[in-house]
Number of protein chains: 2
Amino acid sequence: MIASSSTAYTAGAPSRRELNKAATRQAITDAALALLRAKGPGNFTAEEIADSAGISRRTFFNYFSSTDAALASVVHAFLDNAIQQLRLRPAEEPVLESAQAALMALADPKAVAPLAELFTLTQHSPLMANTELQAWDHCREQVFAVARERVAVTPGGEDELYVQALAGSVISCGKAAMQVWFSRRGADLSAESLAELRQLLIDAMALLGAGFNSRRHAGGAGRSSPAPAGPAS
Amino acid sequence: MIASSSTAYTAGAPSRRELNKAATRQAITDAALALLRAKGPGNFTAEEIADSAGISRRTFFNYFSSTDAALASVVHAFLDNAIQQLRLRPAEEPVLESAQAALMALADPKAVAPLAELFTLTQHSPLMANTELQAWDHCREQVFAVARERVAVTPGGEDELYVQALAGSVISCGKAAMQVWFSRRGADLSAESLAELRQLLIDAMALLGAGFNSRRHAGGAGRSSPAPAGPAS
DNA sequence: CACGCTCTTACACTACGTGCAACTTTGCAC
DNA sequence: GTGCAAAGTTGCACGTAGTGTAAGAGCGTG
C-alpha cells in the first residue's frame, strides 16, 4: 500500500497494530471510492463510509478529518510519491530538471490510475476542490522545502522570492499539464496517452525554464518542443 | 450586478434593496473581522457573527456559506480588483506585462490594508487556508479566461498547456511575492514597504517571463532586477 | 495470566448548512 | 395614498459534521 514508502514500514517490523491500521485505512478509502462510484460526489455521508468499511463513525474520524479527506488520500498518495521521487534526485541537479525527472516517474499506469479515476468521478464537482487544492498546496510546500535546501538560500535574503515562486510555479505547471491531459484523454491510460502526458509535463517544465516570453504563439512553431534539455539521458 | 464591474453599482440606480444588501454584507464582514481580532481564528461561530451584525443566523448563511467565506470576502475583493485591473489592459499587450501592470495597481495602501490585516491575524492558522486557497484558485480561473481570450488559443490545440500553465504560474508568483513581502515586513504599509512589494511583484513576473533557468543564484547578480522590460514605461 | 498500552466504540454535545413556511420590506402601478 | 407582487428576513426543524469522554476490546510483553 502506501506503507512501503511514505508512512509506516519500520523496516521488517510491521507489527500487528500497524497492519491493522493500514488495513482499516485502506478499507476506508476503498469504501469511500466505492460510494463515490455508486452515488456520486457529495451524495453520501461519513456514516455510510464507516458502515461500508465495517467500522464506527467515530473511528472514521480518527483516520480522516472529513469525507473529502478520505478521498483526497488518493491525491496525497500520488503527490507524496512525487515528492519522494524529487528527493531522490542528486542535489547538484538544477531543481527544474529534478522536478521534470520526478514527474516522469509518475506518468505510469499504476501511479496515475487511481488519480485518473478520482478525477473523472469528481470532475465538475466543487466538493472535491477544497481538499484537492490543499493536497496540491501541501505538495508545493514540500517542493519549496526541497528547493530551499538545494538553492542554498540566504535566510533573509533575496533568493526567497526565487524559491517560493519556483515551487509554486512548478506545482502550477504540473497541475496544468495534468489538467490538459485529462481534458484531452479522459481516463485513457494507454501507452500513447501516457506518452502524451509525459510530453506535456516536459513542455510545462520547459516553459518554466525558458520563460513564458520565449514562446511566440503567433508563429507556427507551436508544436511540442522535442524534449528540451533532456534531464537524465 | 456582476454585469458592469464586479458587484453592485448599476450606474446611478443603487436601489434601496441593493443598498441594504450591500450594507448587510459589509456589516457581516465587519463583524467577522472584529470577532477575528477579538477571539482569534476558529474561536467564534456563525451565530456570533450574525448577532454581532444584527441579523439572524439564517440570514448570515444567505450571504455567506460559512464563517470562512465571510472572512475570505476580503481576499475575494482584493483579487476581483486585480482581475478588473487586468481586464483594463489593452488586448495586444503581452499577458505577462498586463499581469504586472495590474498588480502594480494593487500595491496600494487602501487595497492591501485589509488583506494585510487578515493575513497577520490568520497567519499560522490552517482554518483560513481552505477558503483562501479557493479564492486564489478562483482568481487563477479568471486569469485563465483572460489569457485564453488574448492568446487566441485553438480549441483542442497545443496552446492550452501554455495558457493553463501561464495562468497558474502568474497566480503562484503573485502569491509568492505577497508571501515574501508579508514575511519580511509584516503588516507594514509604509511607502518603502509598498515599494518593496511592487519590486517583488515585478521581479516575480520577470522570473516568469525570462524563465527560472536564466537566473544563476551563485553569481553576485542576485539583486532585484531593475524593472526588466518596463510594461508601461 | 496479568498488566499496560493502543485502538475502537457508543454516547452526548455543539455547530454547520439547508429546506420550509411565515412574516416584513421594497418596488411599482394605479 | 392603497394594493399587490417580488425580494428579503426570520424562526424552526432536521440531518450531518466533527469532537470530547469514558468504557471496553485488542495487542504486546513479562
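- Distance, Glu48(B) CD to dT14(C) C1': 12 Å, rounded to whole Å.
- Using a 3.5 Å distance cut-off with no hydrogens or angles, the side chains of Trp136(B) and Ser172(B) do not pair a donor with an acceptor.
- Heavy atoms of Asn20(B) sit under 4.0 angstrom from primed sugar atoms or phosphate atoms, though from no base atom.
- For Tyr63(B), counting side-chain heavy atoms from C-beta on, the closest listed nucleotide (dT9(D), dA7(D), dT8(C)) is dT9(D).
- Note: CZ (Phe61(A)) to C1' (dT8(C)) measures 15 Å, nearest angstrom.
- Contacts of Phe60(B) with the nucleic acid, taken as non-hydrogen atoms under 4.0 Å apart, are absent.
- The CD atom of Glu47(A) sits 16 Å away from the C1' atom of dT19(D) (whole-angstrom rounding).
- Among the heavy atoms of the strands lying under 4.0 Å from Thr59(A) is at least one base atom, whether or not backbone atoms are also near.
- What separates CZ of Arg57(A) from C1' of dG20(D) is a distance of 13 Å, to the nearest Å.
- Between Asp51(B) atom CG and dA15(C) atom C1' the separation is 14 Å, expressed in whole Å.
- The separation between Arg17(A) atom CZ and dG4(C) atom P is 14 Å, rounded to whole Å.
- A salt bridge does not link Arg148(B) with Glu141(B): none of the charged nitrogens is closer than 4.0 Å to a carboxylate oxygen.
- Residue contacts shown for Phe64(B) are absent, as no nucleic acid heavy atom lies under 4.0 Å away.
- Atom P of nucleotide dG18(D) and atom CG of Asp68(B) are separated by 13 Å, given to the nearest angstrom.
- Distance Asn62(A) CG to dG20(D) P: 11 Å, rounded to the nearest Å.
- Across every non-hydrogen atom of Thr29(B) and Ser73(B), the tightest pair is CG2-OG, 3.1 Å.
- Remark: the Ser190(B) side chain and the Asp188(B) side chain contain an N/O donor-acceptor pair separated by less than 3.5 Å.
- At a threshold of 4.0 angstrom between heavy atoms, the contacts of Arg16(B) are confined to the sugar-phosphate backbone, with no base atom among them.
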Worksheet item: Yes or no on salt bridge (Lys or Arg N to Asp or Glu O under 4.0 Å) for Arg37(B) and Glu117(B), after CA distance, side-chain angles and deciding distance?
Response: CA-CA 9 Å; Arg37(B) 277 187 279 263; Glu117(B) 185 186 12; 2.3 Å; yes
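- Map Ala46(A) and Arg58(A) each onto its nearest nucleotide of DNA chain D; the residue landing nearer the 5' end is Ala46(A).
- Contact check, Ser15(B) against dG27(C): a side-chain N or O comes under 4.0 Å of OP1 or OP2.
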